[in-house]
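The structure appears below as structure tokens.
All residue numbers in this chain count up from 1 along the given sequence.
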Amino acid sequence: MNELAGKLALIGRGIWRNRWLAIAVMWAVGLIGLGVTWFFPERFEAQAKVHVDTMTVLKPLMEGVTFQPDIDQQVKMLGKTLVSRPNVERIANDPSVGLLERGQSSANEKLLDFLMKNIKVDQSGGNNLYAITFRDTDAERSRKVVDRFVRLFITSGIEAKQRNSDEATRFIDEQIKDYEAKLADADTKVKEFKLHNMAVANANQQDYFNRITAIRDEISKTTIQLQSADHSREALRRELAKENPYLPGEAASSSSLTPDLDARIEMQKRQLDDLLRRYTEAHPDVFATRRTIRELEAERRRDVQIKLKTQVTPPPGSMAPTNPVYQRLRIELAQAEALVASLQAQIGAYRVRQQEFQTIAEKIPQAEAELMQLTRGYEVVRKQYEQLVNRREAASLGAKMDRNSSMAEFRLVEPPRVSPMPVFPSKKHLAALLMLGSIVVGMAVAFGMTLVHPTVSSERELREFTKRPVLGVLTVLPDPRRESTLRQERLRVLAVVGAYLFIQFVWIGWMVFRSFYGIH
């Protein structure tokens, strides 16, 4: 503490030694400051506050019905991009504001840069409260600039919303047309694939496997029937080989002379038996059948008599078989041959169908994969198309809602106004700072001269300056004349400093008076 006090006393003595230099510097800086203060342009701040209300009654009612953009985010982006070069140029070119001058391109560019840097759009007091401020030397001009930006802020919000709705609708319409073409192309591809693969396009592989299994079962059953028919045919062949086709001597009855009529009579008799099991003797069909039998028997008797009269014994090799058993066996053999041929034809047809089904079943997985790929692409396009159509309807409803009611309401909370007092630094602030600064500069110059031309005024200063021990000190006796001279010197210094401070305080008071009563 003593060391600090000693240093302060040393500085004070150094300044006192160069007191007139300090006073001269103080007056010089002060007078220069008076001139600077007089010509210093004061700036006035104009401010307006706009509240953007995004919570309307219509917004929750239309929740989920139509697409609602993030209005808060849009307003924030609008506030950040409001002070843009085109907007500033539009405001500056307004004749009512009177900023730009014709033929002064360089000055106008500087003015535009000045506006870009000094116009502020900040959020204040909440997320949706925006303050627009601008500082200018002309109070009325700053108010006009803020007023124009407030109007631009409000109109830009409405225009931007309508422009976004129109652009969104136009974009969705273009995308819908594009997806309509894609959907038509996908439909054509699916249709062409189904036409080219009609047999397998809508088939199920499991169904074809079941069909193949059923055909295999039919082939197995038919094969068994064929084996049985083949065995029966072989047995008939063996029986037929053992049987004599001709009856010996007179054993050949008249029935062998008319085999056709015998067969017809036999068939009519079987038919008559069948009719008698169902009807009575008086039934017309029974009566007609009996008449037919009688007619056939009469015809057979006539034919037998004629053939017996005219019969000539044929050669043994050219005689027709007269043995009825042999004839019956030949008929049964022929039937067996036909049955075998029929079963063989059925097996061949079954095998052809089996091969066809096998070929189709092998093609089904590839066809299903291709159809699934086509269908998947078609479904993706269709879903996207339906989503776009739904979004177009939502966008159309949103656009109508924007036209009929505002989703964000701009309220001018505080109209553009200019503060009556200039902003810092004003002339009064600058005058006070220059007064204090001149005093500090004068003292600093005086102390600096002490450092340039150092003097020693005490034993301690001498010891610290020379770094040598002090052997003795000479004491100056008090002199009344010297004390009187020092007293007069102090009074002169106080008078000069007091006059300077008086002038400065009068100047600062005048600046305060001007600011309070709005004198510019």
Would you check if Val50 and Val413 make a side-chain contact, meaning some heavy-atom pair closer than 4.5 Å? no

Any heavy-atom pair between the side chains of Val146 and Gln47 that's under 4.5 Å? no

Can you spot which of Val88, Ile91, Asp136 makes a side chain to side chain contact (heavy atoms under 4.5 Å, CB included) with Leu115? Val88

Please find the pair of heavy atoms, one from Ile508 and one from Ala431, that lie closest to each other, and give the distance. CG1-CB, 3.7 Å

Listed by chain and number, what are the side-chain hydrogen bond (donor to acceptor under 3.5 Å, both in side chains) partners of Ser84, not counting sequence neighbours? Asn87

To the nearest 0.5 angstrom, please state how far the CZ atom of Arg135 sits from the OG atom of Ser419. 8.5 Å

How far apart are the closest heavy atoms of Leu434 and Tyr500, and which atoms are they? O-OH, 4.3 Å

The criterion is salt bridge (Lys or Arg N to Asp or Glu O under 4.0 Å); which residues satisfy it with Asp217, sequence neighbours excluded? none

Are Ile439 and Leu501 side-chain neighbours, meaning at least one heavy-atom pair lies under 4.5 Å? yes

Which heavy atom in Ala22 sits nearest to a heavy atom in Gly442, and how many Å separate them? CB-O, 3.2 Å

Where do Phe44 and Thr137 land on the side chain to side chain contact (heavy atoms under 4.5 Å, CB included) test, with the steps shown first? CA-CA 6 Å; Phe44 297 88; Thr137 56; over 6 Å; no

Calculate, to the nearest 0.5 Å, the distance between atoms CG and CG belonging to Leu129 and Asp122 respectively. 11.0 Å

Could you give all pairs that pass the side chain to side chain donor-acceptor pair (under 3.5 Å) test and reach residues 439-448, with sequence neighbours left out? none

Can you list the residues that meet the salt bridge (Lys or Arg N to Asp or Glu O under 4.0 Å) rule with Glu379, with sequence neighbours excluded? Arg382

Note, Val418 side chain near Glu45 side chain (heavy atom, < 4.5 Å): no

Using a 4.5 Å cut-off on heavy atoms from C-beta on, say whether the side chain of Asn18 contacts that of Phe447. no

Mind checking whether Trp27 and Val496 have side chains closer than 4.5 Å, heavy atoms only? yes

Salt bridge (Lys or Arg N to Asp or Glu O under 4.0 Å) partners for Arg151, two or more places apart: Asp147

One pair to check against side chain to side chain contact (heavy atoms under 4.5 Å, CB included): Met449 and Leu21. What are the steps and the verdict? CA-CA 9 Å; Met449 291 301 296; Leu21 176 62; 3.1 Å; yes

CD (Glu89) and CG (Leu112) are apart, to the nearest 0.5 Å, by 5.5 Å

Is there a side chain to side chain contact (heavy atoms under 4.5 Å, CB included) between Gln504 and Leu34? Walk through the geometry before answering. CA-CA 8 Å; Gln504 290 291 341; Leu34 291 177; 4.2 Å; yes

Distance (rounded to the nearest 0.5 Å) between Leu388 CG and Glu174 CD: 12.0 Å

Those residues that, when tested against Asp113, pass side-chain contact (heavy atoms from CB on, under 4.5 Å) (two or more places apart): Arg85

Under a 4.5 Å cut-off applied to non-hydrogen side-chain atoms, are Met26 and Val441 in contact? no

Could you tell me whether the side chain of Tyr179 reaches within less than 4.5 Å of the side chain of Gln175, counting heavy atoms only? yes

Residues in salt bridge (Lys or Arg N to Asp or Glu O under 4.0 Å) with Arg19, at least two apart? Glu489

Spell out, as yes or no, whether a donor-acceptor pair under 3.5 Å connects the side chain of Asn118 to the backbone of Phe114. yes

Any chance you could measure Ser142, atom OG, to Ile119, atom CD1, to the nearest 0.5 Å? 10.5 Å

If you compare all heavy atoms of Arg90 against all heavy atoms of Leu152, which two are closest, and at what distance to 0.1 Å? NH1-CD1, 3.0 Å

For Tyr350, ring-ring contact (aromatic ring centres under 6.0 Å, His included) partners two or more places apart: none

Residues in side-chain contact (heavy atoms from CB on, under 4.5 Å) with Val389, at least two apart? Ile176, Tyr385, Arg392

With Glu140 via side-chain hydrogen bond (donor to acceptor under 3.5 Å, both in side chains) - residues at least two apart: Arg143

CZ (Arg487) and CZ (Arg492) are apart, to the nearest 0.5 Å, by 12.5 Å

side-chain hydrogen bond (donor to acceptor under 3.5 Å, both in side chains) involving Asp178 - partner list, sequence neighbours excluded: none

Kindly assign one of parallel, tilted or perpendicular to the pair Phe153 and Tyr130, based on the angle between their ring planes and the thresholds 30° and 60°. tilted

Hits for side-chain contact (heavy atoms from CB on, under 4.5 Å) against Val440, two or more places apart or cross-chain, chain-then-number order -> none

